[in-house]
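Please read the structure below before turning to the comments.
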Amino acid sequence: MQPIPRTYLVDEQNRPVAVQLDVATFEHIEQLLEDYALGTLLDTPIDPEDAERLTATQARAFYQQLPKSEAP
């Protein structure tokens, strides 16, 4: 696993209260989480009565059509 470059923000008593990441690192983590969630969803068994099951190709095509959030 790659180290995550970060900066700790501390309070007056020098206790860590937050972590700051650069935008590129944040976007990389965000993409990894989205990919993991999609993969988990594709691997989750679905009761045929509850929903239509998509193939991996269909799911990727659907995922690509979803609107992407933009960084502020």
Side-chain angles (χ1 to χ4, degrees):
M1 186 160 107
Q2 294 178 319
I4 299 173
R6 58 193 169 252
T7 303
Y8 290 98
L9 304 177
V10 296
D11 64 11
E12 294 82 16
Q13 286 78 38
N14 208 32
R15 295 179 297 206
V17 295
V19 176
Q20 184 177 28
L21 304 173
D22 61 79
V23 173
T25 299
F26 172 79
E27 289 174 347
H28 182 70
I29 292 170
E30 188 176 44
Q31 185 64 53
L32 290 171
L33 289 171
E34 288 177 1
D35 291 348
Y36 175 78
L38 180 60
T40 300
L41 182 61
L42 288 172
D43 288 339
T44 302
I46 299 175
D47 184 352
E49 294 179 9
D50 291 341
E52 175 185 347
R53 183 151 178 110
L54 300 176
T55 66
T57 302
Q58 291 170 324
R60 284 187 193 97
F62 176 77
Y63 180 73
Q64 292 298 323
Q65 295 174 6
L66 294 176
K68 303 294 181 199
S69 61
E70 295 184 24

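Just the heavy atoms: all of them, side chains too, but no hydrogens, waters or symmetry mates, feed the values below.
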Atom [atom1] of [X] with >12 non-hydrogen neighbours under 6.0 angstrom:
X   : atom1 : value
F62 : CZ    : no
I29 : CD1   : yes
Q13 : CD    : yes

Side chain to side chain, E30 and E34, heavy atoms closer than 4.5 Å = yes

Side chain proximity check, L33 to Y36, heavy atoms < 4.5 angstrom | no

Of all the heavy-atom pairs spanning L21 and P5, show the shortest one and how long it is.
->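 That would be CD2-O, 3.5 Å.
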
Kindly work out whether a path of hydrophobic side-chain contacts (I/L/V/M/F/W/Y, heavy atoms less than 4.5 Å apart) joins F26 to I4.
-> no

